[in-house]
Amino acid sequence: MEEPVTRNLTGKCFCGAVHYEVADEFAYAANCHCSNCRRTTGSAFKPFAGIERGKFRLTAGDDRLLIFGDKSGHDAHCGRCGSLLYSLVRDGAYVHVAMGTLVDDPSIRPTAHIFVGSKAKWFTIADDLPQYDGHVPG
Ligand SMILES: [Zn+2]
Ligand SMILES: [Zn+2]
């Protein structure tokens, strides 16, 4: 029996110092409107896609990372240009890739707006995706 072929996606920061590779097997994706995601990206919200940590790996610039947080949960930025590349979450079990740093087009699409309770007042959501005040329930 042959193993199913896993498609890999690449991603990188703005300046190109940090590169990563991730399996195109994201478990979920959403647009997060919480104040932390707004500040770390400087944007209205952060589209992110979640995947098991073992399916994500840095391929260049791991010594250039700026880590904000600790071993069980943190944001990882490029230490040179500041791009937010990913967050380590759920006690280190999952990685939330900042979708704006992907080079390749993933199969998944964001399916919800979350933390809409803390959404920026100046931004209006103009699509029909479900909206939740916090995390997706359940
Ligand atoms: Zn960079
Ligand atoms: Zn958030």
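Note that ligands are numbered from 1 as they come in the structure, with each ligand's atoms numbered from 1 the same way. We number each residue from 1, following the sequence as shown.
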TODO: Output yes if H33 passes the N/O/S-under-2.8 Å test against the Zn ion (ligand 2); output no otherwise.
DONE: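 Not a single backbone or side-chain N, O or S atom of H33 is under 2.8 Å from the Zn ion (ligand 2).
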Open item on the list: Given the Zn ion (ligand 2) as the apex, I'd like the angle to SG of C32 and SG of C37, rounded to 10 degrees.
Closed with: 120°
Open item on the list: Tell me the angle that SG of C15 and SG of C81 form around the Zn ion (ligand 1), rounded to 10°.
Closed with: 110°
Open item on the list: Using the Zn ion (ligand 1) as the vertex, how large is the angle between SG of C13 and SG of C78, rounded to 10 degrees?
Closed with: 110°
TODO: Indicate the ring-plane relationship of F115 and H135, choosing parallel, tilted or perpendicular according to the 30° and 60° boundaries.
DONE: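 Correct class here is perpendicular.
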TODO: Please say which of L66, V18, T101 ends up in a side-chain contact (heavy atoms from CB on, under 4.5 Å) with C78.
DONE: V18
TODO: Could you tell me whether the side chain of D104 and the main chain of T10 form a donor-acceptor pair under 3.5 Å?
DONE: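 Present.
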Task: Any F123 side-chain heavy atom under 4.5 Å of F45 side chain - done: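 A side-chain contact exists here, since the closest heavy-atom pair is under 4.5 Å.
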